[in-house]
Amino acid sequence: MDRIDEESQQPAPPVTFTGRKTLVAAAVAVVLIAGALLIRPARTGDDARPPGPSERAASAVGRGAPVAAVDLTALVADREKWVAAHPRDHASWAVLGAAYLEQGRRTADSGWFPKAEKALKRSLEARPAEKGNFDAMTGMGTLANARRDFGTGKKWGELLRAQAPERWTAYPVLVDAYTGLGDYKAAQAAMDRLLELQTGLVAYTKASQVYRDRGWREDAVMAMEHAAGAAKAPAEKAHALFRLGELSFERGDAALALTQYEAALRTDPGQAQALGGRARALAGLGRGGEAVRDYRMALGRTPVPQLALELGELLEALGRGQEARVPYDMLGALAARDGSNGVDDDVVLGLYEADHGDPAAAVRRLSQEWSRHKSVQVADALGWALHKSGDDVAALEYAKKATEQGLRSADFAYHRAMIERGLGDESAARRHLEEALRTNPRFSPLRAPRAKEMLTVIGQPAAGGPENVLPTKPWVAPELPKPNPPKPKPPAVPPAAKPTPTPASD
């Protein structure tokens with residue numbers, strides 16, 4: 001027993017492997033790993049490394065979402081190198097076209113659009129639309145909308161929807177195209193279908209756009225807040241914050257808009273659209289010097305005609321008319337550049353010509369635009385140009401088309417008010433001036449002060465009002481007839497009961 005106890009207390013000898021055992025164990029391990037790979041092969045998602053800049057950008061442009069500048073540059077360089085060696089890769093050409101398009105939108109340089117069109121057409125040559133080149137078709141529709149060629153955008157979107165009705169990327173193209181053409185019911189139907197198929201930044205952004213056009217402000221803000229919550233990258237978050245700033249400014253809250261624009265710039269310093277928005281908000285808050293600075297910086301980063309027009313009008317409002325000629329001249333040069341790249345700037349050019357140039361030329365330009373695109377923006381601009389050229393009767397018809405669709409715009413209401421005053425309808429003019437200032441009392445550094453001044457000039461209705469409307473003597477309560485309730489009817493007497501005959505006794 002002592003010997004057994006001693007053996008039990010001694011440590012067990014170590015396990016050793018011979019060379020043969022080691023080889024056998026390794027072979028078994030290889031067989032097990034190979035079997036596991038046969039059961040489930042390795043996938044792209046198995047790579048634990050985070051995606052690189054070009055991968056992030058490719059994912060974003062595939063969803064139609066904004067992209068950071070550095071990622072976009074990396075994607076363009078990567079795909080350009082790839083297609084140079086693989087010219088028949090239709091998918092890479094489509095990605096490159098989408099990247100060029102995003103570069104053009106991000107930098108407001110329409111010179112990228114012809115390059116995007118060329119790349120997308122190369123993709124369609126390698127794989128035609130009838131064979132299901134959905135990415136290139138989406139890119140062509142998006143490019144057409146970016147150029148404001150909404151009729152072409154509609155054709156591509158409807159072709160894509162016909163071939164792949166469950167593919168959600170067709171519906172953002174259709175929302176933009178129908179909106180630009182003025183078919184707001186079709187735009188809402190496309191938006192509803194988009195939300196059924198997909199939720200996320202792009203879907204919520206389009207929903208906010210449709211709600212805004214219908215005048216549903218609270219819904220538009222809520223949808224854009226959902227878009228901000230769904231953002232996957234700083235560039236996407238900054239874009240949503242910029243759009244929230246636009247909605248805030250349109251409803252007259254310049255202070256909140258300024259906060260949201262600045263938040264967008266902190267999130268993505270390359271968000272040049274937010275810089276232009278901040279300039280607009282600063283002008284609304286009466287900080288004209290800072291607004292001029294921001295407008296000039298924004299035009300340096302994203303030179304677009306709309307910002308040049310806003311800067312010129314701000315300088316005019318500040319009494320710096322000579323300086324305003326510089327951005328006005330820039331507006332013409334930018335519009336000419338855009339026109340050479342297939343971009344339609346007729347609305348902003350028409351508004352500039354109506355207010356600061358030749359109203360008759362504005363009418364001609366905007367009449368042609370109306371024949372192509374019957375949106376509320378074109379209707380408002382054409383109505384204003386007709387007013388400035390002296391035709392208020394025709395102008396009012398277009399002003400009604402712009403203001404009665406649902407969109408709540410201080411500029412639209414102001415334009416209609418001035419047209420109605422030109423027709424002598426001061427009551428309607430007063431109502432729409434009040435609507436403009438109620439919607440956004442800071443909607444323009446030039447027109448908002450004029451609206452306030454005009455409202456003072458028009459004043460209230462004349463004392464007494466029209467004939468036979470207001471009484472000439474104090475009101476006296478009429479003597480009403482006394483109530484004469486009907487007399488109660490006597491209760492009905494039930495008929496006397498007939499006597500029961502008594503049977504005769506025997």
Side-chain angles (χ1 to χ4, degrees), residues 56-68 71 94-95 98-99 101-102 105-106 134-146 150 153-154 156-181 183-248 250 260 264 267-268 271 273 375 406-407:
R56 290 194 300 266
S59 174
V61 298
R63 293 181 287 111
V67 186
D71 292 354
V95 171
L101 174 57
E102 178 60 20
R105 291 193 298 187
R106 184 175 179 86
F134 301 134
D135 290 338
M137 295 162 68
T138 302
M140 290 295 286
T142 306
L143 173 61
N145 289 335
F150 300 111
K154 174 187 173 183
W156 282 109
E158 291 182 343
L159 178 62
L160 179 55
R161 180 177 61 184
Q163 292 191 19
E166 301 300 314
R167 190 177 180 87
W168 71 267
T169 54
Y171 295 94
V173 176
L174 289 172
V175 170
D176 288 343
Y178 289 140
T179 300
L181 292 170
D183 191 349
Y184 296 100
K185 290 184 179 179
Q188 184 171 351
M191 180 271 293
D192 290 338
R193 182 60 176 153
L194 172 61
L195 290 175
E196 291 175 4
L197 296 173
Q198 174 75 15
T199 56
L201 175 79
V202 176
Y204 290 132
T205 299
K206 296 306 175 188
S208 177
Q209 172 186 319
V210 170
Y211 295 150
R212 169 191 172 271
D213 291 340
R214 298 298 300 271
W216 303 339
R217 287 181 167 181
E218 292 77 10
D219 297 290
V221 171
M222 183 175 295
M224 191 51 62
E225 287 175 347
H226 287 321
K232 299 179 181 297
E236 299 179 14
K237 183 82 169 183
H239 177 74
L241 289 168
F242 160 71
R243 297 294 291 268
L244 282 169
E246 296 286 89
L247 293 171
S248 296
E250 285 179 358
Q260 290 163 332
T267 305
D268 179 12
Q271 232 297 348
Q273 286 181 306
S375 68
L407 176 64

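Just so it is clear, the model here is predicted, and its values are computed rather than measured.
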Report task. Of all the heavy-atom pairs spanning Val173 and Gly157, show the shortest one and how long it is. Result -> CG1-CA, 4.0 Å

Report summary line: To the nearest 0.5 Å, atom CD of Gln198 lies from atom CH2 of Trp168 at 5.0 Å

Requested in this report: Compare all side-chain heavy atoms of His239 with those of Leu241 and state whether any distance is below 4.5 angstrom.
Outcome: no

Report summary line: Taking every heavy atom of Ala187 against every heavy atom of Val210, the minimum-distance pair comes out as O-CG2, 4.1 Å

Report task. May I ask you to test the Glu225-Leu244 pair for a side-chain heavy-atom distance under 4.5 Å? Result -> yes

Query raised in the report: Distance from Leu407 atom CG to Arg217 atom CZ, nearest 0.5 Å?
Result: 9.0 Å

**Report entry** Heavy-atom closest pair, residues Glu236 and Ala65
**Finding:** OE2-CB, 3.7 Å

Query - Least distance between heavy atoms, Gln260 atom then Ser248 atom - result: OE1-OG, 2.7 Å

Query raised in the report: If we only count heavy atoms from C-beta on, is the Arg243 to Ser208 side-chain gap below 4.5 Å?
Result: no

Query - Flag side-chain contact, heavy atom, 4.5 Å: Gln163 against Met137 - result: yes

Query raised in the report: If we only count heavy atoms from C-beta on, is the Leu201 to Lys232 side-chain gap below 4.5 Å?
Result: no

Query - Basic-acidic side-chain contact under 4.0 Å: Glu246, Arg212 - result: no

Query raised in the report: Closest approach of Leu195 and Ala207, non-hydrogen atoms and distance?
Result: CD1-CB, 4.1 Å

Query raised in the report: Can a donor-acceptor pair be found between the side chains of Asp176 and Gln209 at a distance below 3.5 Å?
Result: yes

Query - Spatial distance of atom CG (Asp219) from atom CZ (Arg214) [nearest 0.5 Å] - result: 11.0 Å

Query raised in the report: Does the side chain of Asp213 come within less than 4.5 Å of Thr179's, by heavy atoms?
Result: yes

Report summary line: Residues at least two apart in sequence or cross-chain that pass side-chain hydrogen bond (donor to acceptor under 3.5 Å, both in side chains) with Arg193, listed by chain then number, are Glu166, Glu196

Requested in this report: Specify the closest pair of heavy atoms between Val67 and Glu102, including all atoms of both residues, with the distance to one decimal.
Outcome: N-OE2, 3.6 Å

Query raised in the report: To the nearest 0.5 Å, how far apart are CD in Gln273 and CG in Asp268?
Result: 10.5 Å

Requested in this report: For side chain to side chain contact (heavy atoms under 4.5 Å, CB included), just list the numbers for Thr138 and Trp156, CA-CA rounded to whole Å, side-chain angles, deciding distance to a tenth of an Å, and then say yes or no.
Outcome: CA-CA 7 Å; Thr138 302; Trp156 282 109; over 6 Å; no

Query raised in the report: Between Met191 and Tyr171, is any pair of side-chain heavy atoms under 4.5 Å apart?
Result: no

Query - Arg167/Leu160 under side chain to side chain contact (heavy atoms under 4.5 Å, CB included): CA gap, chis, key distance, verdict - result: CA-CA 8 Å; Arg167 190 177 180 87; Leu160 179 55; 4.2 Å; yes

Requested in this report: May I have the step-by-step check of side chain to side chain contact (heavy atoms under 4.5 Å, CB included) for Asp135 and Val95, ending in yes or no?
Outcome: CA-CA 8 Å; Asp135 290 338; Val95 171; 5.8 Å; no

**Report entry** Min side-chain heavy-atom separation Phe242-Met224 under 4.5 Å
**Finding:** no

Query - Check against side chain to side chain contact (heavy atoms under 4.5 Å, CB included), Met140 and Leu159 - result: CA-CA 11 Å; Met140 290 295 286; Leu159 178 62; over 6 Å; no

Query raised in the report: Looking at NZ of Lys237 and OG1 of Thr267, how far apart are the two atoms once the value is rounded to the nearest 0.5 Å?
Result: 7.5 Å

